[in-house]
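Letters A, B, ... mirror the listed sequences (proteins, then strands); counts begin at 1.
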Amino acid sequence: RRQADMATFELYRRSTIGMCLTETLDEMVSSGTLSPELAIQVLVQFDKSMTEALENQVKSKVTVKGHLHTYRFCDNVWTFILTDAQFKNEETTEQVGKVKIVACDSKLLSQ
Amino acid sequence: MASGNVSTVYISVIDDVVAKVREDFITYGVGDAVLNELQALWEMKMLHCGAISGNIDRNRAPPASAGGAPGAGATPPVHDLNVPYEATSEEYATPTADMLFPPTPLQTPIQTPLPGIDTGMYNIPTGPSDYAPSPISDMRNGMGMNGSDPKTGRPSPYMQPPSPWMNQRPLGVDVNVAYEESREDPDRMMQPQPLTKDFLMMSSGKRKRDEYPGQLPSGSFVPQQDGCADQVAEFVGSKDNAQQVWNSIMNKQESVTKTLSIEESTIPPVLPQRDGIQDDYNDVYNSIPRPVYLAPSDSLTKHDSFMFQQFFFPGVPTEDYNTPGESSEYRTPTPAVATPKPRNDTAGGDDDDDDEPPLNEDDDDDDEIDDLQDGDEEPNTQHLVLAQFDKVTRTKNRWKCTLKDGIMHLNGRDVLFNKVGIIMFWSNL
């Protein structure tokens, strides 16, 4: 199988789509419909598919400005918390009071 | 409501995932039915979250647009799922049972090949189905919601809490594995002598919490080598525990209380303790070897060697504790910890730390959140950006980050991006 042993970024599991999948799998495992091993495989595949989709299917650029409240770099993961942030993309500008940004090192995937 | 573009991407991701795991499902012998159910549930949840629009323009039979679901009018027109699901402020509100488990059509339920578990309740809706809540589906769903087998009443083999199977880790070595019985006792050899190689690794400095665990195989038993029976080796117990232990020791009881972290097998006491100082076995991991214990007659007292064994040389087989002088040697390597603490301090003190002042590990856990919790943010979402970073740089207090391939969840909406440049200002205020 291609990509059988690639590491995946699990961070996308925290997104809406990822959480929905996780919940679904959870229920199915809890009810015995699905085995845990298989559920984990589904999640890993989700990681890959999501990463790939973001890379290939999305073409938008966003600018963010804000006040940095917290920063953390641990295990090659940056976590920032911004306050009074402004997100600007081609169409819209949005303001949020507080946002958490979690970012993994993109170089880790391309090893 | 998700934008069309985001929705499209999500749907393609779902399709991609399903297609790629189909092989695995077949390999596992699970079959397509389960896979289809997975996809259906996943999409349902996505719809409920508003992450995808209801216009699923694909060829499979979507549950979304089928049939008139009761009360569908309350939600956006495309959300005409089985049961009215009011997307409350809680983003990931748990769907109702009816939405989770598609109500069974009137045909025979499909049996999934899972042994011993009635999975007939999970049916793949084929074509327009009756999504109205039915007693059967309610019963099945209600009874099965907890993963229990509704027919036999057997509880689910899987735990109810979410994703326990994903987060399972083997329990680490029991930090409180006995080091107490580290002395040989040819007369009362309870178990074969365990490893002795690690003794000299003991640092004489301040013991960390985790220095000791793992030196003995978990569950191994170091036979006591001194005269007196030791009953408790170590525990981070409270003073009560220590008191109980002490009492039991003094009473020469053989049983160890359950509150002890180490269920040491009982060693019948042979020699009473005669040194006049009570043992507080909390001290065992407080690394406070009492410096002056060897009264001449106490060479055989358990806690001398006991403590030494505990702290420094667990499992040392050949200690001769008949000689005070020899025993005193073992005290010297521990200057840093040889500050006797009053027993009560540790006994009643912080139970989390065996031998150190509280690490204050959790001090900062809620700081950053508390600061910002009572702002005027959106009540329902914590805005979140998940991405990969290419570069993060800082100049003085100005940060610049180049992110890519990310999902942003802001103001209840999902936005996908390919490139983000973030400029932040850090302030020391």
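For the pair S106(A) (side chain) and F389(B) (backbone), a donor-acceptor distance under 3.5 Å is present. At least one donor-acceptor pair closer than 3.5 Å links the side chain of S60(A) to the backbone N or O of L416(B).
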side-chain contact (heavy atoms from CB on, under 4.5 Å) assessment of K45(B) paired with E27(A): CA-CA 12 Å; K45(B) 286 181 189 278; E27(A) 287 155 12; 2.8 Å; yes
Step by step, would you call I17(A) with I14(B) a side-chain contact (heavy atoms from CB on, under 4.5 Å)? CA-CA 9 Å; I17(A) 179 173; I14(B) 295 178; 4.1 Å; yes
Which is it for Y12(A) and I407(B) under the side-chain contact (heavy atoms from CB on, under 4.5 Å) test, yes or no, and what are the steps along the way? CA-CA 8 Å; Y12(A) 297 119; I407(B) 304 177; 3.8 Å; yes
Does V64(A) form a side-chain contact (heavy atoms from CB on, under 4.5 Å) with V420(B)? I'd like the steps, not just the answer. CA-CA 7 Å; V64(A) 182; V420(B) 175; 3.9 Å; yes
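Contact of the D390(B) side chain with the D105(A) side chain is not registered, since no non-hydrogen atoms from C-beta on lie closer than 4.5 Å. Put simply, the side chain of L38(B) reaches to within 4.5 Å of the side chain of M28(A), judged on heavy atoms. Side-chain contact between T51(A) and Q388(B): present, with at least one pair of heavy atoms (C-beta onward) separated by less than 4.5 Å. Considering only heavy atoms from C-beta on, Y28(B) comes within 4.5 Å of Q41(A) through its side chain. Between V42(A) and F25(B) the shortest side-chain heavy-atom distance falls below 4.5 Å. Looking at H409(B) and S15(A), their side chains never come closer than 4.5 Å, going by heavy atoms from C-beta outward. Within the 4.5 Å cutoff, the side chain of R394(B) has no heavy atoms near those of the Y71(A) side chain.
With a 4.5 Å cut-off on non-hydrogen atoms, F46(A) touches chain B through its backbone and its side chain both. Neither the backbone nor the side chain of N56(A) comes within less than 4.5 Å of any heavy atom in chain B.
There is no side-chain donor-acceptor pair under 3.5 Å between T33(A) and E37(B). Residues T16(A) and D414(B) bring a donor and an acceptor atom of their side chains to less than 3.5 Å of each other.
Classification of the W399(B)-F80(A) ring pair by plane angle, with boundaries at 30° and 60°, yields perpendicular.
Minimum interatomic distance between D16(B) and Q45(A) (heavy atoms only, all atoms of both residues): OD2-NE2, 4.5 Å. Of all non-hydrogen atoms in H383(B) and K98(A), the two that sit nearest each other are CD2-O, 3.1 Å.
Remark: R413(B) engages E94(A) in a salt bridge, criterion side-chain N to carboxylate O under 4.0 Å.
V385(B) pairs in a side-chain contact (heavy atoms from CB on, under 4.5 Å) with only one of the listed residues (V96(A), L82(A), V99(A)), which is V99(A).
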